[in-house]
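First the proteins, then the strands, lettered A, B, ... as listed; each starts at 1.
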Amino acid sequence: MEVIGRELDRLLQEETIEIRGDGRAGSGLQLTMQTIAATAVANRQLHVQEWPFFSSARKGAPTRGYLRLSRRPILKSSDITSPHVVVLMDEGVSRFVDFAEGVSENGLFVVNTPLDPERVAKKYRLNGWVITIDGDGISEKYLKKPMGNISVFAVFSTIISALNPQKSRDMLKMLLEKRHIPKSLVQANLDLFDASSGSFKVKKCQFKGENDHKPIHFDNYGDLAPGAQSRLRLSRANMTAAYAPSGFILKFDDPKDSCNGCALCVMNCPENIIQFKADAKQGLKVLGADVSSYCKLCAECIEICPKELFREVERAEEAREEGVS
Amino acid sequence: MSEHPFVETPAGALFPKAIDLEAVRRAHKAFATEQDVRYADGNTAAAYACLQMWRMILVGGFPITPSTKWLETVSTVIRSGQVGKKKIKLLEAEHAVADYLAGSAAACRDVIVSTATSSVGLDHMTESTRSLGASGLGNVLLINVYRATANYPLCIEGDPSDALAHRDDGWVQICCRGTQQIYDTVIQSPCIGMNPEILTPVMPGYYGIKDSHRSSKLIVEPDDKINAFQDKWISPLNLPGLINGDTGLGSCVTSKHFQGFKINQRSRFERVFEWLPKIGRDFEKTFGRPGLEFIEKLHWPSDEAVDLAIVSMGPDIGTATDMVPAEEKRLGIRMGVLAARLLTPFPYGAYTDLLKRAKVVLVVNQAHHYGDGHLGTDIIKACYDLKERPVIANCFAGMGGATVSDDSWRAMIDHALQAAKKSEKLPAPVVVHEGRVVWPS
């Protein structure tokens, strides 16, 4: 811990600490970043820059946050691509983004997970210092719901000496009180902060392979024909199926061959995933929808289809119907 | 036939007591009574500055990303009664907002009316912003949070194509970077617009997301100090308002007079060159932070002899400034970095003066343009009369709010120096992203 603290102090003094976080909308990632930044601003010697990566505001959508801290004015404005510290607030998003991409050698990983550092490092093939804290678990005890953000904030208040644990706690209290939430809830959050302060594990690990977490090479924009907007939106980093409510999936059923070829579903689908074939009689016939990556269950097709051929089903039910165990 | 029920008032009537300015002043409650260090994003900083002016009593609003938080903050604070009696009017579209501002500003030229908008929001206002630009209503304050205007495809991040598409609207346009500069610029803006020699609405602007949503330290000044500063520069105007129907908005004139109005508008515009630096210097003296200036010299040697001058605008120029020591070492050259502040009217002379000893000028444009870029075209003109005209390399980077990485800056610097080696005085513009020239490919 002392080594981490010394290195972060050095960076703060001589350069700029660059922190990048990944989580889901509603997981408290932005609040953590903002609370660290507000605490830093209260320390008049520190300069700070904090901003969210803008994406769908729908709860559960992958989100990203950036934070720079320094004792010198911060001029740099570009995105953080080689962070010194990364936060993984919700392990679920690791399916969609490489949270460790471009992390500098011997970087620091702060992961909200019940796993110990070595298991996390092995799982994600990480090199550097790994700190794990079961933020969701601790939060269940104090807030009756999984919210790792206070615990992750407690980790930062401990490892960055300029933030100071007591001042961080005071700032947290002030920010919570500003929200006019009940006193009991403010106290529960502070208890959660206190409980988190000594509950994290740290270990230096070496599990990264030669080709792991390399920044994606930009290879120009390719051929963008007019009308290519939906193809652009359906990028690797924005697999909109991640925004769908967990456990549900879109289902198309047309056992009586009743699709009338009105094409309303095709025109209204914002993700361009309706599959159809040309039909000599009625123009087209809808065959289904490619729900593998981009169906966010917006329900436009369900609402618009005059024959009620689309519906939302539980994934388990779908699996049963498909005969998948 | 009955007599007309309305009594026509003589043209030019002043109605000096129609609005009691002292009552407006008394109705203002201080948002901050002493200097305070806060943590805020660009939208919040701009909102705070507006809320702290006693003259700012009317807000018209229609939300559009990324300016929405300005409206949310202003609405929340006004509705809470924290800043006294002010009115917020939410309207059905941006055009209605601009009309509302025009009407209310004309009704009393001594109060400030404001709004914030972005992108197509500003486009929707165009009919009115063009009229406002010519109207002499310098008490209209429009915060422009930059976002690309084209919605094909829609992109909500920071790109100044909206501001640059509206340069002919006739507003004073000032570009900001960073939370503190946004706050300070909004405070100074009405001092320019309401100057009796200028009387032109002001549009301070900043990049959407990159600055509107980026939070950092913000020094909030006490309202008393802000208002004392503005009171030095803003005096009641002895001009007729809308009340007697004698307004420039909607009047029809013949071609005999139209050009005369435009010459008058242009003459008022030119006065910005004299007053803006004076207001900026007084701001610096009063608040101890840099005030308004034509160009921000982020890194500029006192002898002005630079091998490479970088000219751009907005927060990304900060990244270039951060790289200067390493780049000077890598290339063995002297570099300078300038950030555009006053966009309209464009201070050609100031650039001519600064760039007279530069060998190569790299202009980084961030809005789509079929030629050399909006900024690039102006810099070419500024350098046209120089005895030793520098190489001017125009690049495009960060369009649509894309990040401009260290690698991209290096690629643009190398591109400019390569052009100089080949003795190309004005190389064709290129688009750069992620450290490489992506157009022409």
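With a 4.5 angstrom heavy-atom cutoff, A:Leu46 touches chain B only via backbone atoms. Contact of B:Val404 with chain A is made through the backbone alone, with heavy-atom distances under 4.5 Å. In this structure, chain A has a heavy atom under 4.5 Å from the backbone of B:Arg38, while its side chain stays farther away. Only the side chain of A:Arg68 comes within contact range of chain B, with at least one heavy atom under 4.5 Å from a heavy atom of that chain.
Closest heavy-atom contact between A:Val41 and B:Ser216: CG2-C, 4.5 Å. Looking at every heavy atom in both residues, A:Phe218 comes nearest to B:His433 through CZ-CD2, 3.5 Å.
For the atom pair CZ of B:Arg214 and OG of A:Ser77, the computed distance is 4.0 Å after rounding to the nearest 0.5 Å. One distance of note links OH of A:Tyr66 with OG1 of B:Thr403; it measures 7.5 Å at 0.5 Å rounding. Here B:Glu434 contributes atom CD and A:Asp219 contributes atom CG; the two are 11.5 Å apart, rounded to the nearest 0.5 Å. Between B:Lys217 atom NZ and A:Gln49 atom CD the span is 13.0 Å, to the nearest 0.5 Å.
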Task: side chain to side chain contact (heavy atoms under 4.5 Å, CB included) between B:Tyr39 and A:Gln34, worked out - done: CA-CA 9 Å; B:Tyr39 165 68; A:Gln34 286 166 2; 3.7 Å; yes

Open item on the list: For a side chain to side chain contact (heavy atoms under 4.5 Å, CB included) check, start with the C-alpha distance between B:Met323 and A:Leu75, then their side-chain angles and the critical distance, and finish with the verdict.
Closed with: CA-CA 10 Å; B:Met323 294 170 64; A:Leu75 283 163; over 6 Å; no

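Applying the side-chain hydrogen bond (donor to acceptor under 3.5 Å, both in side chains) criterion to B:Asn43, with sequence neighbours excluded, gives B:Tyr206. Not a single side-chain hydrogen bond (donor to acceptor under 3.5 Å, both in side chains) links A:Asn220 to another residue, sequence neighbours left out. Listed by chain and residue number, B:Glu221 satisfy the side-chain hydrogen bond (donor to acceptor under 3.5 Å, both in side chains) test with B:Gln35 (two or more places apart in sequence, or in another chain).
When the heavy atoms of residues 311-322 of chain B are compared with those of chain A, the residues falling under 4.5 Å are B:Pro315, B:Asp316, B:Gly318, B:Thr319, B:Thr321, B:Asp322, listed by number.
More than 12 heavy atoms of other residues, nucleotides or ligands sit less than 6.0 Å from atom CD of A:Glu14. Within 6.0 Å of atom CD in B:Glu34, 12 or fewer heavy atoms from other residues, nucleotides or ligands are found, so the atom counts as exposed in its surroundings.
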